[in-house]
Structure formats: structure tokens, C-alpha cells
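As C-alpha cells, the structure follows; a few thoughts come after it.
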Amino acid sequence: MRVDVLTLFPEMLEGVFKSSILGKAQEKGIVSLNAVNFRDYSTSKHNTVDDTPYGGGGGMVLKPEPIFAAVEDVLNGQSGSARVILMCPQGETFTQAKAEELSTEEHLIFICGHYEGYDERIREHLVTDELSIGDYVLTGGELPAMVVIDSVARLLPGVLGNETSAVTDSFSTGLLEYPHYTRPAEFRGWKVPDMLLSGHHANIEAWRHEQALQRTLDRRPDLLNQAQLTDKDKKLLQKLKAQKITNPAD
């Protein structure tokens, strides 16, 4: 996968791109991450990329010319298509399902804005997607873009050491992930659940699934409305809800 990020602050991306999972993914040749300073595509004397809004109002608006030119240059000579993603608070809320969708693409281009906003013609005639990572406002699109890139890249085959990790993560199945334990079996008097020490893999998987249902019910019950639940899951949830009513402090 090729990922290009259009930004006015490429230095913000350098450390993230070279570190941890993203750094290893590049070393393996699985993903190529590039920061593109779209100020380099300004044609004005002072390399300006923003201007005052028509109609008045506070703040500055990013001009269309540098961003269009930067995207077109990135796409120059490319045979396939690319998803051009605008990071903005007005966009579709980013989810694990969206990450899985984007992970099937060969080329992603992210546009990171600053100032008051984008010239509307960028939205209308250049981008394919608009994404937001939550209902709050940041100073620029770089941090949200890095969040999306990390979330997408870890789903690519070969990026994670354990290929089942991404499959069982919270939200991947529609449920929150079950609790994890490791050595020692007892720490400060707190013991690992006996089930995990039993060696009975089928029972362990059943326990983990029940724990995932319980955790989702307790912390994010809204997710259960969209989760793909079996009849067995629904019966188990009814049981867990009844227990919660009976023992509200648990």
C-alpha cells in the first residue's frame, strides 16, 4: 500500500512513520508512507496556501490550487485510482469497519488542513472520502490522519507479528475484546482466572466470548445493537442482563 499525506507540517509525521509498527511495515516493504508539503505547490510569490473567505468572516481558508496540484502530482503516471481522504470534523466518523474497508486499497492520499477550513471546491471535486476521528476540533488534520493510517496499516497482511491479533481486537467483531492475563499466575494476591489455566481450549474460547459480551454490555451497550449476535449470544445476554439486575454492584 502507498500512503501520501498532504500537510504543511511534514515534520509532525516523521517520528510516527519511522517508529513501532509503521516503521517495521515500511522496512518489510508492506507500506510506503510519504509526507508531501503542499506549500511547495503554491504559485504565489510568498508561497501562500490560504486566503480570506469570500463574504467575510474570521479565519483563513485553504486555497484550492496548491492542494489540487499536489494531489495531481502524486497521482501523475499512476495507473490505478486512489482514495483521496479529507480529514475534517464534518466527515464520516472513523470506525473499525472503515479501517477494514480502506485496508483493501492500494493507494491512500490524506489531506490535512489548518486554519478555518477548506475551499469547498476541494470537497466537491477532489476528495473521495471525508473522515473525522470524533466530535471535537483539533488544530490540524495531521493527528487524525496518523490515527487512521495506524489503524489501517496494522490490518495489512504481514504487518503484525500475530495475524490473529487484528481479528480479535475490540470492535473487529462488533464487541469489545475480552480481558487478557499473562505471567505470573498470581500477583499481589490477584489470581488469573482458573479457566485460563485449564488448558481446555474450547472452554477457554467460550469463556472469552462470554467475557467479551459481558464487557460490551457493561461498557458499550450501544454496540450490541449493531453486533452480529447468534441466538446463543442473545440468550447469554439475557442471562447476563438478569444477573446485572440482581447484582447491580457487580
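Few gaps surround CD on Glu120; more than 12 heavy atoms of other groups in view lie less than 6.0 Å from it. Under a cut-off of 6.0 angstrom, the local environment of CG in Asp194 is sparse, with at most 12 non-hydrogen atoms contributed by other residues, nucleotides or ligands. Within 6.0 Å of the NZ atom in Lys239, the count of heavy atoms belonging to other residues, nucleotides or ligands does not exceed 12. Summarising the local packing, NZ of Lys98 is surrounded by more than 12 heavy atoms from other residues, nucleotides or ligands at distances under 6.0 Å. In Asp222, the CG atom is crowded: over 12 heavy atoms of neighbouring residues, nucleotides or ligands sit closer than 6.0 Å.
Leu138 is listed as a side-chain neighbour of Pro144, based on a closest heavy-atom distance under 4.5 Å. Using a 4.5 Å heavy-atom cutoff, the side chains of Val49 and Leu62 are in contact. At least one side-chain heavy atom of Val31 sits under 4.5 Å from a side-chain heavy atom of Val3. At a threshold of 4.5 Å between non-hydrogen side-chain atoms, the residues Val74 and Ile109 count as touching.
A distance-only check finds a donor-acceptor pair linking the side chain of Thr104 to the backbone of Glu101 [under 3.5 Å]. Judged by distance alone, with hydrogens and angles left aside, the side-chain atoms of Ser151 form no donor-acceptor pair with the main-chain N or O of Val147 at under 3.5 Å. Judged purely by atom type and a 3.5 angstrom limit, Ser20 has no side-chain atom pairing as donor or acceptor with the backbone of Leu22. In terms of modelled atom types and a separation under 3.5 Å, the side chain of Tyr118 and the main chain of Gly113 share a donor-acceptor contact. Not one N or O on the side chain of His114 forms a donor-acceptor pair closer than 3.5 Å with the backbone of Leu8. Checked by atom type and distance alone, the side chain of Gln26 pairs as donor or acceptor with a backbone atom of Leu33 at under 3.5 Å. Under a 3.5 Å cut-off, the side chain of Ser42 and the backbone N or O of Thr48 do form a donor-acceptor pair.
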**Request:** Tell me, with the steps shown, if Ile111 and Ile85 meet side-chain contact (heavy atoms from CB on, under 4.5 Å).
**Result:** CA-CA 6 Å; Ile111 303 175; Ile85 302 167; over 6 Å; no
**Verdict with reasoning, Asn76 to Glu72, per side chain to side chain donor-acceptor pair (under 3.5 Å)** = CA-CA 6 Å; Asn76 186 33; Glu72 288 164 359; over 6 Å; no
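Taking all atoms of both residues into account, the shortest heavy-atom contact from Thr216 to Leu176 is OG1-N, 2.8 Å. Residues Leu217 and Lys244 share a closest heavy-atom pair of O-NZ, 3.8 Å. Closest heavy-atom contact between Ala82 and Thr128: O-CG2, 4.2 Å. Here the closest non-hydrogen pair linking Leu13 and Ala35 is CD1-CB, 3.7 Å. Nearest heavy-atom pair, Val192 versus Thr182, reported as atom, atom and distance to 0.1 Å: CG2-O, 4.2 Å.
When ring centroids are compared, His125 and Phe68 stay outside the 6.0 Å threshold.
Linking ILVMFWY side-chain heavy atoms closer than 4.5 Å, directly or via other members, places Ile204 and Leu236 in two distinct hydrophobic clusters. When the side chains of ILVMFWY residues are joined at heavy-atom separations under 4.5 Å, either directly or via intervening members, Tyr136 and Met87 end up in a single hydrophobic cluster. Taken together through direct or relayed side-chain contacts under 4.5 Å among Ile, Leu, Val, Met, Phe, Trp and Tyr, Tyr178 and Met195 form parts of separate hydrophobic clusters. Residues Met1 and Ile21 share a single hydrophobic cluster, defined by chaining ILVMFWY side chains whose heavy atoms lie under 4.5 Å apart. Transitive grouping of hydrophobic side chains (ILVMFWY, heavy atoms separated by less than 4.5 Å) brings Val159 and Val152 into a common cluster.
Atom CG of Leu175 sits about 15.0 Å away from atom CZ of Arg208, to the nearest 0.5 Å. Here the CG atom belonging to Leu102 is positioned 10.5 Å from the CD atom belonging to Glu100, to the nearest 0.5 angstrom.
With respect to Asp4 and Arg2, a salt bridge is recorded, a charged nitrogen being found less than 4.0 Å from a carboxylate O. With respect to Glu124 and Arg121, no salt bridge is recorded, no charged nitrogen being found less than 4.0 Å from a carboxylate O.
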